[in-house]
Amino acid sequence: MRERASLAFGLNIDPVIDRPWEVEALAQLADTAGLALVAMQDHAYNPRFAETWTVLTAVALRTQRVHVLINVATLALRPAPMLAKAAATLDRLTGGRVELGLGSGAFWDGIAAMGGPRWSPGEALAAIEDALRLCRLLWEKAASGEPVTYEGSIFRVDHLAFGPAPTRPIPLWVGAIKPRALRLAGELADGITVSTPYVLPEQLSQVNQWVNEGAERAGRDPRTIRRLYNLLGVLDVPGGRSYRVTRPGFLSGPAEAWVDAIARFVELGMDTFIFWPVAGDYLAQARHFVEEVIPRVWDRVGLP
């Protein structure tokens with residue numbers, strides 16, 4: 001088991017605009033509570049969702065301290081050079097509060113319906129590698145103005161003078177569940193992001209081992225790679241309706257049950273946790289998570 005990194009917590013905010021008051025309230029809660037992240041999923045082909053980068057920008061400009069993370073960007077619909085430019089722009093506007101999650105895509109029918117490609121597994125992996133390498137290269141060269149040429153399998157630029165430069169190297173996360181992609185994240189990324197329904201707790205040790213193998217292969221210290229776990233489920237709120245979610249990977253129950261689960265996930269190597277309710281009063285649960293669950297986790301596992 002790797003040495004535990006300091007813990008970090010955040011809230012998921014869905015990219016919806018039919019409840020703007022809830023989006024703003026969740027963002028303000030994360031900001032005033034001193035959480036590390038506000039995270040937002042990216043599925044543009046879902047008609048229930050607005051355009052993620054637009055909503056994420058609105059959230060970022062209504063907060064002061066919390067970092068914002070696209071969790072994760074669908075590369076099949078967002079070419080890496082434009083994504084690098086969008087991230088650098090928002091990073092400048094927020095004084096350095098942007099983090100960028102990258103994923104090839106998962107729902108290929110929806111992607112194709114929007115005119116995107118249906119990548120093979122090999123192409124999807126190549127897209128992630130290209131994006132990791134190209135984003136870093138573009139941000140690095142932006143300050144000097146030196147043109148960038150990059151010939152990747154999926155993404156390419158030809159003598160591109162890139163700008164603006166971000167305020168600092170933007171952290172890059174990879175959303176992945178398969179061995180090759182997780183090893184690639186260990187080689188090139190700053191962190192991984194996985195979700196409870198897709199990576200069950202009993203799979204975490206193996207997932208982290210694959211990340212470690214990639215880091216060691218690249219001569220990196222595996223302890224520097226962050227491990228984010230999206231916690232999907234329903235948290236019981238006193239006086240509110242109780243839900244029991246039986247689908248594998250979904251959490252449910254009172255605060256103490258969530259504390260027990262998170263403490264176990266820490267022991268299994270995870271260090272960053274995004275609270276993601278799937279039913280019930282989202283805002284009430286988020287407040288309860290901030291007020292009751294997070295402090296008890298600190299008491300259980302120790303301060304960072």
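Excluded from the calculations below are hydrogen atoms, water molecules and symmetry mates; all remaining heavy atoms, backbone and side chain alike, are included. In this chain, numbering begins with 1 at the start of the sequence shown.
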Discussion item. Would you compute the distance between atom CZ of R247 and atom CG of L232 and round it to the nearest 0.5 angstrom?
Written reply: 8.0 Å
Discussion item. Are the side chains of W276 and N71 in contact, using a 4.5 Å heavy-atom criterion?
Written reply: yes
Discussion item. If hydrophobic clusters are built by linking Ile, Leu, Val, Met, Phe, Trp and Tyr wherever their side-chain heavy atoms come under 4.5 Å apart, do M40 and I274 end up in the same one?
Written reply: no
Item to complete: Output yes when R136 and E140 qualify as a salt bridge under the 4.0 Å nitrogen-oxygen rule, no when they do not.
Response: no
Worksheet item: So with a 6.0 Å cut-off around CZ of R300, is the heavy-atom count from everything else above 12?
Response: yes
Discussion item. Please give me the minimum heavy-atom distance between A185 and I192, naming the atom from each residue.
Written reply: CB-CG2, 3.6 Å
Worksheet item: Quick one: does T94's side chain get under 4.5 Å of V68's, heavy atoms only?
Response: no
Worksheet item: Between R65 (side chain) and T63 (backbone), is there a donor-acceptor pair under 3.5 Å?
Response: no
Discussion item. For the CZ atom of R296 and the CD1 atom of I262, what is their distance to the nearest 0.5 Å?
Written reply: 11.5 Å
Practice prompt. Mark yes or no for whether T149, through its side chain, and H159, through its backbone, hold a donor-acceptor pair below 3.5 Å.
Written response: yes
Worksheet item: Is a donor on one side and an acceptor on the other found under 3.5 Å between the side chain of D31 and the backbone of A27?
Response: no
Item to complete: Enter the distance from L83:CG to I70:CD1 here, rounded to the nearest 0.5 Å.
Response: 6.5 Å
Fill in: Side-chain heavy-atom pair W173, D190 within 4.5 angstrom cut-off
no
Worksheet item: Say you draw a straight line from OG1 of T74 to CE of M114; how long is it, rounded to the nearest 0.5 Å?
Response: 10.0 Å
Worksheet item: Which heavy atom of P81 sits nearest a heavy atom of V157, and at what distance?
Response: CG-CG1, 3.6 Å
Fill in: Check: G152 main-chain N/O paired with R156 side-chain donor or acceptor under 3.5 Å
yes
Item to complete: Look only at the side chain of Q285 and the backbone of A279, and say whether a donor-acceptor pair between them is shorter than 3.5 Å.
Response: yes
Fill in: Main-chain N/O of A84 paired to W139 side chain as donor or acceptor, under 3.5 Å
yes
Worksheet entry | I17 atom CD1, neighbour heavy-atom count above 12 within 6.0 Å | no
Discussion item. Quick check: do L75 and I154 have side-chain heavy atoms less than 4.5 Å from each other?
Written reply: no
Item to complete: May I ask you to decide if Q41's main-chain N or O and T52's side chain share a donor-acceptor pair within less than 3.5 Å?
Response: yes
Practice prompt. State, with a plain yes or no, whether a side-chain heavy atom of L188 is found less than 4.5 Å away from one of R133.
Written response: yes
Worksheet item: Taking R118 for the side chain and A112 for the main chain, is one N or O donor matched with an acceptor at less than 3.5 Å?
Response: no
Worksheet item: Going by an N to O cut-off under 4.0 Å, is there a salt bridge joining D91 and R168?
Response: yes
Discussion item. I'd like to check F250 versus T196 (side-chain heavy atoms, cut-off strictly below 4.5 Å). Are they in contact?
Written reply: no
Worksheet item: Does any N or O in the side chain of E22 come within less than 3.5 Å of the main-chain N or O of I13, such that one atom is a donor and the other an acceptor?
Response: no
Worksheet entry | Y150 side chain near D130 side chain, heavy-atom distance below 4.5 Å | yes
Discussion item. Using side-chain heavy atoms (C-beta onward) and a distance below 4.5 Å, is V290 in contact with R287?
Written reply: no
Response to the item:
One should read off an interatomic distance between T193 OG1 and M270 CE, to the nearest 0.5 angstrom, of 8.0 Å
Discussion item. Quick one, F9 with L231, criterion side-chain contact (heavy atoms from CB on, under 4.5 Å). Give me CA distance, side-chain angles, the key distance, then yes/no.
Written reply: CA-CA 11 Å; F9 294 91; L231 307 177; over 6 Å; no
Worksheet item: Is the side chain of R220 donor-acceptor paired with the backbone N or O of E187 at a distance under 3.5 Å, no angle test?
Response: yes
Worksheet, complete the sentence: Looking only at heavy atoms, the pair that brings P222 and N212 closest together is CB-OD1, 3.4 Å
Practice prompt. Evaluate the criterion side-chain contact (heavy atoms from CB on, under 4.5 Å) for residue pair D281 and V237; output intermediate values, then yes/no.
Written response: CA-CA 9 Å; D281 187 328; V237 176; over 6 Å; no
Item to complete: Nearest 0.5 Å please: distance from the CG atom of L251 over to the CZ atom of F275.
Response: 9.0 Å
Practice prompt. Determine whether the side chains of Y198 and N230 contain a donor N or O and an acceptor N or O closer than 3.5 Å.
Written response: no
Worksheet item: Does the distance from a Lys or Arg side-chain N to an Asp or Glu carboxylate O, for D271 and R226, drop under 4.0 Å?
Response: yes
